[in-house]
Amino acid sequence: MLVGCAAILAAASAFAACPVELAVYGDRDDAAGIDFRPAIDLAAVTNTFRMNLDNGTMLDGIVMWSEGTERPYGTLTYRCPDGDVTGAELEACTVWQGVIYAVDDAGAIDLLPKTGDAPKALIFPDLGPSLRLSTAYGESGFTKVPWDVFALKGCQE
């Protein structure tokens with residue numbers, strides 16, 4: 001039994017050392033996974049990620065911090081056109097948007113950090129209902145709607 005506890009503690013400390021830009025998360029029902037990536041040369045974007053759903057459906061995510069009352073404002077898009085897009089085109093391909101919250105080891109809720117250690121869990125408020133109403137849901141897209149809370153599952157190398 002002691003060996004099992006040591007393995008769990010080692011895994012937990014390995015996750016704690018994971019930077020947010022390399023973190024991997026999954027929801028409780030294994031309907032979706034999130035892989036963060038470093039935000040390269042995007043001045044306003046602090047975090048980028050990809051949400052992987054069933055049937056090979058992938059959503060692109062970005063996080064930009066709002067001005068004034070700072071908040072990590074996340075956006076998930078599906079099949080956005082490349083290059084310069086109009087506001088109407090961007091609105092048409094956006095499937096979720098909102099503040100992303102982080103949960104630490106003690107269960108305290110805060111905001112997704114721009115950098116640093118990956119939080120134990122992330123909360124995407126109203127993600128499930130928004131995705132169910134999106135163009136990505138259904139026969140030609142994903143069929144399993146994820147939960148709004150994602151737990152840290154690992155770290156990319």
Side-chain angles (χ1 to χ4, degrees), residues 8 10-66 70-82 85 90-157:
I8 291 170
S13 64
F15 290 164
C18 182
V20 69
E21 63 267 14
L22 297 176
V24 176
Y25 291 88
D27 75 311
R28 71 173 186 192
D29 300 327
D30 291 325
I34 296 174
D35 300 328
F36 274 83
R37 297 174 280 158
I40 300 171
D41 297 329
L42 302 172
V45 175
T46 59
N47 308 90
T48 61
F49 60 96
R50 177 161 282 155
M51 183 175 287
N52 305 298
L53 300 147
D54 68 299
N55 296 332
T57 303
M58 289 188 289
L59 308 177
D60 292 312
I62 62 166
V63 179
M64 297 189 312
W65 279 70
S66 61
E70 288 193 341
R71 298 256 191 245
Y73 190 73
T75 304
L76 278 168
T77 59
Y78 179 65
R79 294 186 177 168
C80 273
D82 291 329
V85 294
L90 186 57
E91 186 177 329
C93 66
T94 298
V95 295
W96 177 86
Q97 53 190 350
V99 175
I100 302 174
Y101 296 95
V103 182
D104 69 14
D105 292 336
I109 298 174
D110 204 343
L111 300 172
L112 173 71
K114 295 176 185 177
T115 60
D117 289 344
K120 180 180 178 181
L122 301 176
I123 303 171
F124 289 71
D126 294 325
L127 176 68
S130 294
L131 291 184
R132 183 177 291 278
L133 296 173
S134 76
T135 57
Y137 179 75
E139 291 181 22
S140 61
F142 70 96
T143 59
K144 296 178 184 174
V145 178
W147 181 240
D148 295 0
V149 179
F150 288 77
L152 182 63
K153 299 286 185 182
C155 191
Q156 303 170 60
E157 293 187 22

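On a predicted model such as this, the values are computed, not experimentally measured, just so you know. Computed over heavy atoms, backbone and side chain alike; hydrogens, waters and symmetry mates excluded.
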Side chain [X], main chain [Y], donor-acceptor under 3.5 Å:
{"X": "Asn47", "Y": "Lys114", "value": "yes"}
{"X": "Asp148", "Y": "Gly128", "value": "yes"}
{"X": "Asp35", "Y": "Arg50", "value": "no"}
{"X": "Thr77", "Y": "Cys93", "value": "no"}
{"X": "Asn55", "Y": "Thr57", "value": "no"}
{"X": "Asp54", "Y": "Lys144", "value": "yes"}
{"X": "Gln156", "Y": "Phe36", "value": "yes"}

Are the side chains of Arg79 and Thr135 in touch, meaning some heavy atoms are under 4.5 Å apart?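 Heavy-atom side-chain distance check fails, nothing below 4.5 Å.
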
If you draw a 6.0 Å radius around CD in Glu91, do more than 12 non-hydrogen atoms from other residues or ligands fall strictly inside?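 No.
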
How about Trp147: does its CH2 atom have over 12 heavy atoms from other parts shown lying under 6.0 Å from it? no

Angle between ring planes, Phe49 versus Phe124, binned at 30° and 60°: parallel, tilted or perpendicular?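 Perpendicular: the ring planes of Phe49 and Phe124 meet at over 60°.
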
When you look at Trp96 and Leu59, which way does the side-chain contact (heavy atoms from CB on, under 4.5 Å) test go after all the steps? CA-CA 10 Å; Trp96 177 86; Leu59 308 177; over 6 Å; no

Between Leu111 and Glu70, does a side-chain contact (heavy atoms from CB on, under 4.5 Å) hold up when you go through it step by step? CA-CA 9 Å; Leu111 300 172; Glu70 288 193 341; 6.0 Å; no

